[in-house]
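Below you'll find the structure, written out as structure tokens, and then a few comments.
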Amino acid sequence: MAGLREIEKQFFPLQKIQDVIDLFKHELKDNEPNLTLMSIVLGVIENILTVNRAVSSDADKSNTLEPIFPVIELSTIEALYTKFVTHIKRSVDKTKFPDKFATRELVKIVSDVVWCCLSKSFKDRAHLQSLYSFLTGNKLDCFGVAFAVVAAFQILEYNDVHLSLSEDHAWVVFGEDLKETAEVTWHGKGNEDKRGQPITASVVEKSWLYLNGQPVICNRHMEVAAIVSGINPSINLTVDSVEMGSLQQELLWLLYDLGHLSKYPMALGNLGDLEEISPTPGRPPPVDIFEESIQSSKVHYHNQHVYPYTYLGGYHYRNHNYKKALKAWAEATNAVKNFNYNREDEEIYKEFLEVGNDLIPTMMKHVASENASRIHQTSISYDPDCYADFLRFYDGICEWEEDSKTPVLHITWAKQLVNSLAKFDPTVRKLIHLISEDGEESSSSSESDEESEEEREIIQDENRNQKKKVKAKKGKTHDKDKSDKINGQAEDS
Ligand SMILES: FC(F)c1nnc(N2CCN(c3ncnc4sc(CC(F)(F)F)cc34)CC2)s1
């Protein structure tokens with residue numbers, strides 16, 4: 001890959017969202033969309049709209065609602081593009097690697113070429129995912145390093161090195177028919193990086209971090225989807241840039257219409273979240289998009305992905321559809337129960353900790369008060385389906401913990417479980433018909449002393465392996481704490 005092609009230059013200067021859409025439309029027609037160019041363009045725009053927002057003086061705080069969109073000059077982009085291409089070509093002597101396919105040694109070298117420039121400061125801040133961040137601040141997050149390696153291989157004209165994505169990690173596949181895998185970035189906090197090493201079957205098996213061998217293996221177009229999905233419109237923890245969110249939403253619809261999201265459940269989930277914030281006329285409602293995300297995981301990934309269900313559960317919770325939220329969360333633990341929890345699975349643990357110890361208790365309280373007002377409609381505390389899904393949610397968590405090296409549950413879980421259980425009406429607890437896996441039938445015990453004995457056992461057991469887990473909010477890219485944001489949108493005046 002040489003310098004920018006003439007046809008690419010003609011799209012500049014970019015003056016409005018449609019100009020960016022047109023550039024991406026053009027790139028996506030190509031079977032080698034220019035990853036470096038697109039990552040830099042999105043990084044420049046994101047930086048201006050979120051990090052270095054032009055603070056307009058009072059004078060021009062005219063009352064027009066004319067949103068701000070920066071003018072992106074070709075010279076700005078070309079300088080950064082040339083810097084990256086030069087850095088990569090100067091650091092890799094291709095004559096030593098005559099093969100058509102990449103080798104593990106070469107993957108490690110390219111990973112080092114990215115790695116060596118990184119500053120050792122904060123790595124899980126927001127807006128560190130793009131090549132713009134790498135080229136102007138020597139900072140990249142976990143995803144950004146893996147993406148930079150793939151973009152570098154595109155510049156070196158290898159078309160076998162591709163991004164492999166799980167729900168909380170990224171690595172590369174390479175070689176003939178993508179048979180090889182290699183770590184190219186770090187994961188989490190306090191873990192030694194394993195760059196250059198293959199991801200072996202023993203590491204992958206029953207591991208959520210590696211999706212039990214069902215990661216999203218990208219082609220070039222899905223790598224474009226990954227950088228679009230990785231756009232972070234956040235200005236701060238509570239406010240998003242309206243323009244950046246619209247750009248991300250329109251680019252995701254462009255990729256959706258071209259079919260590049262069909263095997264990418266998280267990108268579909270991101271699109272569903274954006275549609276909830278600001279629905280696009282003529283497009284399907286968020287629940288349909290979350291359903292497509294779930295279907296994609298079922299069809300392409302053996303239903304091993306968890307986030308499609310927690311996207312849906314979060315959506316129903318925010319919209320007070322508590323019965324559907326419980327159903328989605330029960331299906332989420334039905335997916336996670338096949339994994340064995342280990343210390344690098346912190347992110348999904350935090351997700352379920354929030355559901356079990358924050359969202360469900362709040363929902364049960366909410367319903368109790370609503371109940372007083374709406375006596376006719378059966379509220380969830382009288383609904384046997386809800387009680388069944390509630391039990392399924394916890395059953396999945398317990399099965400997840402079984403055979404795991406690291407315990408999942410601790411006393412807070414037990415206390416909240418007892419707390420939420422008590423909020424279901426005793427009549428509904430009698431209606432449940434428990435059928436164990438071996439088909440043995442039993443109805444849930446309604447004897448209070450038996451239950452209190454059971455509850456006492458749970459609490460004593462949990463006391464023993466009580467473990468404090470602090471829910472650390474991470475501001476990293478592919479930031480899953482978006483849903484915690486109050487959907488305030490910046491007045492980009
Ligand atoms: F469960 C729901 F509440 C979620 N809401 N946002 C969620 N995200 C936000 C987007 N997100 C993602 N969205 C697209 N692609 C990727 S690739 C990836 C792993 C890593 F960052 F590359 F290491 C994460 C991720 C991670 C999960 S889950």
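As the structure lists them, so they are numbered: ligands from 1, and atoms in each ligand from 1. Computed from a predicted model, the values in this text were never measured in an experiment.
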For this session: With heavy atoms under 4.0 Å as the rule, classify the contact between T310 and ligand 1 as side chain, backbone, both or neither.
Result: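 Both the backbone and the side chain of T310 come within reach of ligand 1.
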
Exercise. Which bit of A170 is near ligand 1, meaning a heavy atom under 4.0 Å away: side chain, backbone, both or neither?
Worked result: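 A170 to ligand 1: contacts from backbone and side chain alike.
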
May I ask you to list the atoms of ligand 1 that are less than 4.0 angstrom from any heavy atom of [X]?
X: M266; result: 11 (N), 12 (C), 13 (N), 14 (C), 15 (N), 16 (C), 17 (S), 24 (C), 25 (C), 26 (C)
X: N270; result: 9 (C), 10 (C), 13 (N), 14 (C)
X: Y264; result: 14 (C), 15 (N), 16 (C)
X: D168; result: 19 (C), 23 (F)
X: S166; result: 17 (S), 18 (C), 19 (C)

Distance flag, aromatic centroids of [Y] and [X], threshold under 6.0 Å:
X: H169; Y: Y210; answer: yes
X: F390; Y: W329; answer: no
X: W208; Y: Y341; answer: no
X: F24; Y: H26; answer: no

For this session: Nearest heavy atom to atom 3 (F) of ligand 1 wins, so pick from E351, E347, E167.
Result: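 Answer by nearest heavy atom: E351.
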
Exercise. What pairs meet the salt bridge (Lys or Arg N to Asp or Glu O under 4.0 Å) rule with one or both residues in residues 225-235, with sequence neighbours excluded?
Worked result: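 Every candidate salt bridge (Lys or Arg N to Asp or Glu O under 4.0 Å) pair involving residues 225-235 fails, so no pair, neighbours aside, qualifies.
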
Problem set entry | Exercise: identify the closest heavy-atom pair between S229 and Q248 |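 For S229 versus Q248, the nearest heavy atoms are O-NE2, 3.1 Å.
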
Exercise. Closer than 4.0 angstrom: is that true for some heavy atom of G313 and an atom of ligand 1?
Worked result: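 So G313 does not count as touching ligand 1.
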
Residues 216-223, side-chain donor-acceptor partners within the protein, below 3.5 Å, at least two apart:
from, atom 1, to, atom 2, distance (Å)
N219, OD1, H221, N, 3.0
N219, OD1, M222, N, 2.7
R220, NE, E32, OE1, 3.0
R220, NH1, V161, O, 3.3
R220, NH1, H162, ND1, 3.3
R220, NH1, E223, OE1, 2.8
R220, NH2, Y158, O, 3.1
H221, NE2, L28, O, 3.2
H221, NE2, D30, O, 3.0
E223, OE2, H162, ND1, 2.7
E223, OE2, L163, N, 3.0

